[in-house]
Amino acid sequence: MSYQQPPRRPGSGQGRPPQGRGGPGYGPEPGYGRPGPGGRKPAYHNTRMLPLPGQDEQRDSGQPPRRPMPPDDFRRPPAGDGYPPPPRRPVRRPRWGRRILIGFLVLLLLIAGSLVWMDFSLNRVTAIEDYPGRPAEAAGTNWLIVGSDSREGLTAEQKAELTTGDAAGKRTDTIMVAHIPDNDTPPTLLSLPRDSNVEIPGHGISKINAAFSLGGAPLLVKTVEGATGLRIEHYAEISFGGFADIVDAIGGVEMDIPEEMHDTVTGVTIPAGHQTLNGVQALGFVRMRHSSSTPRSDLDRVANQRKFIGALAGKIATGGTLLNPFKLFPVIGGVTDALTVDDGDHLWNLSSLGFAMHGISDGSTVTTTVPVTDGSATKWDPNKKELLFNALRDDTPIPREALYQ
C-alpha cells in the first residue's frame, strides 16, 4: 500500500507558497508580497521606526542626528527636547562618627600589637625556681629589683662616659624588694644594703651581693628569700647602660639636689639645685657613696636610689607620657631593652610595679631600709627586722620602730 499525503489545512502555512496573480511566492493582494501598481515594493521592504521628538527639526536644520543614548545610561534620559531634566543624585554626607570609630579601632589594634611585640622583646632569665624549704605564699606580691654593675656590651667610650671603670664580672650595686599589697595597705620599697652579711645557700655567710656573682639571679633570689622569709614572685634586673637609656628615653628626670655632690672615686660631680638629670648624671647620682653629701656611705646611697626611682616612676606615669604615643612607645621600648625579667613576667606585671612605685614621690608608698645595728650596714637588727618582715607577709602597716631611713 502506498503512502498518501494528507490534505493540507487551509491557512496552515504548510506546503508550497500560495499561488496568486503575481506568480509563485506572492500573495493575491498588492502590497502583501507582490509589487503594486507602478512596481512599488512591498510595504515590509520599506519599514522604519517613527521619528523621535525633535528628530524632524534636526533633519530640517541640517544638524546631525542626536547620538543614541548608551544602554548603560538608561536611567538618565537627555535633558531638553521634550524630556524632563534628570533627577539630581542626593549628596551623601560623610559619616564622621563611623570614620572616627574605625580609626579608633585601628589605633587600638596597633597599640595592642605593639605591646604584644614589646612583651616578647623583653630579656628573660630563669630567676625564680622552686626548691625544698622555700617560703610559703603570703599576702601581697613581692618583686626583687636588682641593679647590676655589669659592663657587658659597653664600649670603651661608653664606659668612660658612664664612669663605670673596667671591673670584670657581675655584681649588684642595688638590691631592693618591692611589696605590692592585696589590700589598702601602702606599697613598700625596701632596700637591702649590699654589704649585709647573710647566709648564701651552699656558700656560707657572706655579703649579700656576692650571691649574684656566685650564682646569678637564681642564687640571689634564694638568698633573699632565705634572709627575709618573703616569697619572691617577680624579678627585674637592670644594668648600668640600661638605666641610663631609660632616663634618656623619657627626657631626663627632675631632681632637687640639696647640696653639691662630688664622688672622690668616680669623679662625678652633680651641682646643687633643682635640675633635670640625664642618663649619665642619674647613674652617677644613684651610685654615689664616696662624697661629703653621703656621709653614711651605702645607707645614704640606697636612700638616694629610692628617691630617684620614685621620681622616675612619677615621670613615666604622667599624662604627658602615657597619653602621648610618641613618648610612651620609646619609653616602653627603652624599658624592654634595658630590663631582664623572670620567665614568668610580662609587660603588664611591670606596669603594676611602676604604678606602685609612683607613690614614692607623694609619700603614698613607704620607703625604708632593713634595720641595721650600725653604720657599716653589715648586720641586721634581729628584733626590728622580724617586725618588718612579718608586716610585709601579713599585709599590715609596718610598725614605726621597724622603719629605718
Side-chain angles (χ1 to χ4, degrees), residues 118-153 168-180 187-194 196 198-204 206-243 245-246 286 302 305-306 309 312-313 332 334-354 356-357 370 389 392-393:
M118 290 178 180
D119 180 69
F120 280 103
S121 302
L122 279 170
N123 304 307
R124 287 184 166 86
V125 64
T126 304
I128 301 175
E129 300 173 344
D130 207 3
Y131 57 89
R134 187 183 180 195
E137 293 185 5
T141 302
N142 297 312
W143 279 81
L144 180 61
I145 304 174
V146 177
S148 168
D149 65 357
S150 173
R151 282 81 169 169
E152 183 179 354
K170 294 176 64 175
R171 287 165 296 275
T172 51
D173 268 10
T174 304
I175 305 174
M176 294 182 178
V177 174
H179 178 77
I180 305 175
T188 301
L189 183 60
L190 171 66
S191 297
L192 309 181
R194 54 175 284 177
S196 302
V198 298
E199 177 74 27
I200 298 179
H203 299 275
S206 185
K207 292 183 178 181
I208 192 171
N209 69 336
F212 190 75
S213 58
L214 291 172
L219 184 58
L220 180 61
V221 170
K222 292 179 182 179
T223 301
V224 172
E225 288 184 332
T228 63
L230 301 174
R231 186 183 182 95
I232 302 298
E233 287 91 4
H234 301 282
Y235 175 84
E237 174 191 331
I238 188 169
S239 63
F240 282 163
F243 178 83
D245 290 342
I246 292 178
V286 299
V302 296
Q305 289 171 352
R306 295 193 301 266
I309 288 177
L312 175 64
I332 297 177
V335 170
T336 56
D337 291 339
L339 286 181
T340 299
V341 298
D342 181 65
D343 290 336
D345 293 328
H346 297 280
L347 201 59
W348 46 90
N349 301 127
L350 290 171
S351 64
S352 65
L353 173 65
M357 296 303 101
V370 176
F389 297 143
L392 295 179
R393 275 191 295 268

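Owing to the predicted nature of the structure, the values given are computational and were not obtained by experimental measurement. All heavy atoms count here, side chains included; hydrogens, waters and symmetry mates do not.
- Here the straight-line distance linking atom CZ of F243 with atom OG1 of T174 works out to 8.0 Å at 0.5 Å rounding.
- When all heavy atoms of G354 and A313 are compared, the closest pair comes out as O-CB, 3.7 Å.
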message: Run the side-chain contact (heavy atoms from CB on, under 4.5 Å) test on F389 and V370 for me, step by step, so that the C-alpha distance in whole Å, both residues' side-chain angles and the decisive distance to 0.1 Å come before the verdict.
response: CA-CA 9 Å; F389 297 143; V370 176; 4.2 Å; yes
task: Check the pair N349 / V341 against side-chain contact (heavy atoms from CB on, under 4.5 Å), numbers first and verdict last.
output: CA-CA 10 Å; N349 301 127; V341 298; over 6 Å; no
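- The minimum heavy-atom distance between E199 and G204, with the atom names listed, is OE2-CA, 3.6 Å.
- When all heavy atoms of M176 and I309 are compared, the closest pair comes out as SD-CD1, 3.6 Å.
- Summarising the geometry of H346 relative to L122, their closest heavy-atom pair is C-CD1, 4.1 Å, with the distance given to 0.1 Å.
- Remark: S191 engages R306 in a side-chain hydrogen bond (donor to acceptor under 3.5 Å, both in side chains) (not counting sequence neighbours).
- Scanning both residues, S148 and F212, for their nearest heavy atoms gives OG-CE2, 4.0 Å.
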- request: Tell me, with the steps shown, if L192 and V198 meet side-chain contact (heavy atoms from CB on, under 4.5 Å).
  value: CA-CA 11 Å; L192 309 181; V198 298; over 6 Å; no
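- Contact detail for L189 and A178: the closest heavy-atom pair is CD1-CB, 4.0 Å.
- Atom CG of N209 is separated from atom OG1 of T223 by 10.5 Å, given to the nearest 0.5 angstrom.
- Residues satisfying the ring pair (Phe, Tyr, Trp, His ring centres under 6.0 Å) test with H203, not counting sequence neighbours, are none.
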Under 3.5 Å, which donor-acceptor pairs do the side chains of residues 125-133 form with other protein atoms, sequence neighbours left out?
from: T126; atom 1: OG1; to: D343; atom 2: OD2; distance (Å): 2.5
from: Y131; atom 1: OH; to: E225; atom 2: OE1; distance (Å): 2.6

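- A donor-acceptor pair under 3.5 Å is absent between the side-chain atoms of E237 and the main chain of V146, judged by distance alone.
- Between V224 and I208 there is a side-chain heavy-atom pair separated by less than 4.5 Å.
- L339 CG to D245 CG: the interatomic distance, rounded to the nearest 0.5 Å, is 11.0 Å.
- A distance of 8.5 Å separates CG of L392 from OG1 of T228, quoted to the nearest 0.5 Å.
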Return a table of donor-acceptor pairs under 3.5 angstrom between the side chains of residues 135-145 and protein atoms on other chains or two or more places apart.
from: N142; atom 1: OD1; to: H179; atom 2: ND1; distance (Å): 2.6
from: N142; atom 1: ND2; to: R231; atom 2: O; distance (Å): 3.0

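- Between R194 atom CZ and D173 atom CG the span is 5.0 Å, to the nearest 0.5 Å.
- A search for ring pair (Phe, Tyr, Trp, His ring centres under 6.0 Å) contacts involving Y235 returns nothing, not counting sequence neighbours.
- With sequence neighbours left out, D345 forms a side-chain hydrogen bond (donor to acceptor under 3.5 Å, both in side chains) with H234.
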